[in-house]
Structures are given as structure tokens and as C-alpha cells.
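Computation of the quantities below employed the complete heavy-atom set of this structure, encompassing side-chain atoms and omitting hydrogens, waters and symmetry-equivalent molecules.
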Amino acid sequence: MKKAIQAVSIIAFALLAACTEPQTDTGRWYTKAQAEAGKMLFEANCGMCHGRRAQGLAENWKKPDASGHYPPPPLNGTAHAWHHPMETLLATIENGGAPVGGVMPAFGDKFNQEQKLALVAYFQSLWPDDIYQQWREIDERN
């Protein structure tokens with residue numbers, strides 16, 4: 001009986017561990033198809049401010065412009081987007097930058113949830129693995 005309980009415990013642990021690992025073709029929470037769909041949306045709607053490859057367009061995104069606003073940051077893993085959990089990333093797309101003093105327009109009426117996730121998938125696909133792993137840890141705490 002004791003061995004049966006141990007076997008069940010081992011199987012349950014393995015199943016739980018498997019549930020926490022991404023089961024996609026990217027090894028991350030999103031699929032390649034989601035990232036590709038997000039790339040098209042990003043280039044058409046976000047690239048003019050964040051750069052076509054999410055690299056940012058300002059020389060220094062940490063310095064306010066003449067109007068006192070910060071320029072759109074890079075979203076390619078070199079700025080602060082990876083410090084924010086998924087909930088915050090989606091809320092920023094939904095509500096724009098106004099709630100935090102920014103000027104990014106809200107896209108809540110323009111994109112459905114699937115498209116918002118695709119946008120995040122695209123710019124996260126540009127993140128190096130170490131940045132993505134740090135983001136996952138932050139996201140899992142929230």
C-alpha cells in the first residue's frame with residue numbers, strides 16, 4: 001500500500017510539473033502562429049511609436065521630451081516591459097498610457113483579447129531567454 005501511495009505521489013508531482021511548463025512550439029506561453037499574428041498587428045498599429053521591431057525610436061526613452069512626456073519605450077526586452085506581469089501588459093494595451101501619466105492611446109476597442117495576447121506574444125518573441133524567464137517569475141508572483 002505504501003508503495004502504491006508513493007507511486008501515485010510521484011505521478012501527481014510529474015503531472016503538476018508538466019502543467020507549469022509551456023506546451024507550445026516556442027517553449028513559451030504562446031505559439032509561433034500567435035507571435036506572427038502579433039507581428040502584423042504590431043507593425044500596423046504600434047511600430048510607428050515603438051519601432052517596427054519594438055526597438056524604440058528615441059535615443060533615450062528614459063528622458064522626457066519637450067512636452068514632459070517620456071517617449072515610447074522599446075518593447076524588445078531592453079526596457080522595462082518585462083518587469084510587468086501579463087495583467088499589466090494587457091491593461092496597458094487596453095487602456096493606453098493615460099492611467100500612468102503616458103500618452104499611448106487605448107486600444108481596448110480596437111483589439112479583442114486574442115489580438116492583445118498576440119501583440120504581447122510578438123514583442124515577447126523578441127526577448128532573450130533570460131529576460132523571458134525573469135518575466136515569467138514576475139508574472140507567476142502576480
Side-chain angles (χ1 to χ4, degrees), residues 3-142:
K3 287 186 180 191
I5 292 171
Q6 286 176 330
V8 169
S9 296
I10 290 170
I11 291 169
F13 178 79
L15 288 172
L16 286 173
C19 290
T20 63
E21 291 301 313
Q23 301 296 315
T24 68
D25 56 358
T26 63
R28 297 181 177 193
W29 69 264
Y30 54 85
T31 65
K32 289 179 184 176
Q34 282 176 298
E36 282 300 313
K39 179 180 181 182
M40 290 187 294
L41 288 170
F42 190 92
E43 288 176 350
N45 297 279
C46 312
M48 71 268 319
C49 295
H50 289 282
R52 192 160 184 241
R53 295 274 304 149
Q55 79 279 8
L57 299 175
E59 188 173 315
N60 183 358
W61 61 270
K62 295 179 183 180
K63 183 180 176 191
D65 61 21
S67 66
H69 295 105
Y70 288 91
L75 298 175
N76 62 359
T78 62
H80 61 80
W82 67 269
H83 292 107
H84 302 296
M86 180 66 82
E87 180 181 351
T88 301
L89 297 174
L90 293 172
T92 302
I93 295 168
E94 174 82 19
N95 304 313
V100 292
V103 296
M104 177 180 149
F107 288 95
D109 293 338
K110 184 165 186 158
F111 301 127
N112 63 34
Q113 187 69 5
E114 183 180 318
Q115 291 169 314
K116 292 172 196 162
L117 287 168
L119 284 164
V120 175
Y122 169 64
F123 65 74
Q124 284 189 346
S125 75
L126 303 171
W127 295 0
D129 287 337
D130 62 325
I131 294 295
Y132 178 79
Q133 289 306 320
Q134 290 176 63
W135 172 81
R136 265 194 82 194
E137 291 171 17
I138 291 167
D139 189 59
E140 288 172 0
R141 287 194 297 253
N142 288 293

Can you tell if the side chain of Y132 reaches within under 4.5 Å of the side chain of W29, non-hydrogen atoms only?
yes
Contacts of D129 that satisfy side-chain hydrogen bond (donor to acceptor under 3.5 Å, both in side chains) - sequence neighbours left out:
R28
Just by distance, do the side chain of N76 and the backbone of L126 share a donor-acceptor pair under 3.5 Å?
no
Pairs flagged by salt bridge (charged side-chain N to carboxylate O under 4.0 Å, His left out) wherever residues 37-54 is involved - sequence neighbours left out
E43-R52
Any residue meeting side-chain hydrogen bond (donor to acceptor under 3.5 Å, both in side chains) with T92, in chain and number order, not counting sequence neighbours:
none
Applying ring pair (Phe, Tyr, Trp, His ring centres under 6.0 Å) as the test, list every pair that has at least one member in residues 30-60; sequence neighbours left out.
F42-Y122
Can you tell me if Q115 uses its side chain to pair, donor with acceptor, with the backbone of N112 under 3.5 Å?
yes
Measure the spacing between CD of Q124 and CZ of R136 and express it to the nearest 0.5 Å.
10.5 Å
Without placing hydrogens or testing angles, list every side-chain donor-acceptor pair under 3.5 Å for residues 63-74, not counting sequence neighbours.
| from | atom 1 | to | atom 2 | distance (Å) |
| --- | --- | --- | --- | --- |
| D65 | OD1 | S67 | N | 3.0 |
| D65 | OD1 | S67 | OG | 2.6 |
| D65 | OD1 | G68 | N | 3.2 |
| D65 | OD1 | H69 | N | 3.0 |
| S67 | OG | H69 | ND1 | 3.0 |

Any pair counted as ring pair (Phe, Tyr, Trp, His ring centres under 6.0 Å), so long as it reaches residues 86-113, sequence neighbours left out
F107-F111
The side chain to side chain contact (heavy atoms under 4.5 Å, CB included) partners of A81 (sequence neighbours excluded) come to L75, L89, W127
Name all residues meeting the side-chain hydrogen bond (donor to acceptor under 3.5 Å, both in side chains) criterion together with H83; count only those two or more places apart in sequence or in a different chain, and write none if there are none.
none
C46 side chain reached by L119 side chain, heavy atoms, under 4.5 Å
yes
Any pair counted as salt bridge (charged side-chain N to carboxylate O under 4.0 Å, His left out), so long as it reaches residues 71-83, sequence neighbours left out:
none
Residues 98-113 vs salt bridge (charged side-chain N to carboxylate O under 4.0 Å, His left out), sequence neighbours excluded, gives none
Any donor-acceptor pair under 3.5 Å from D139 side chain to W135 backbone
no
Closest heavy-atom pair and its distance - D25, T31
OD1-CA, 3.2 Å
By side-chain hydrogen bond (donor to acceptor under 3.5 Å, both in side chains), which residues pair with T88, not counting sequence neighbours?
none
Pairs in or reaching into residues 79-94: which pass salt bridge (charged side-chain N to carboxylate O under 4.0 Å, His left out), with residues at least two apart or in two chains?
E94-K116
Crowded around Q113 CD? As in, over 12 foreign heavy atoms under 6.0 Å?
yes
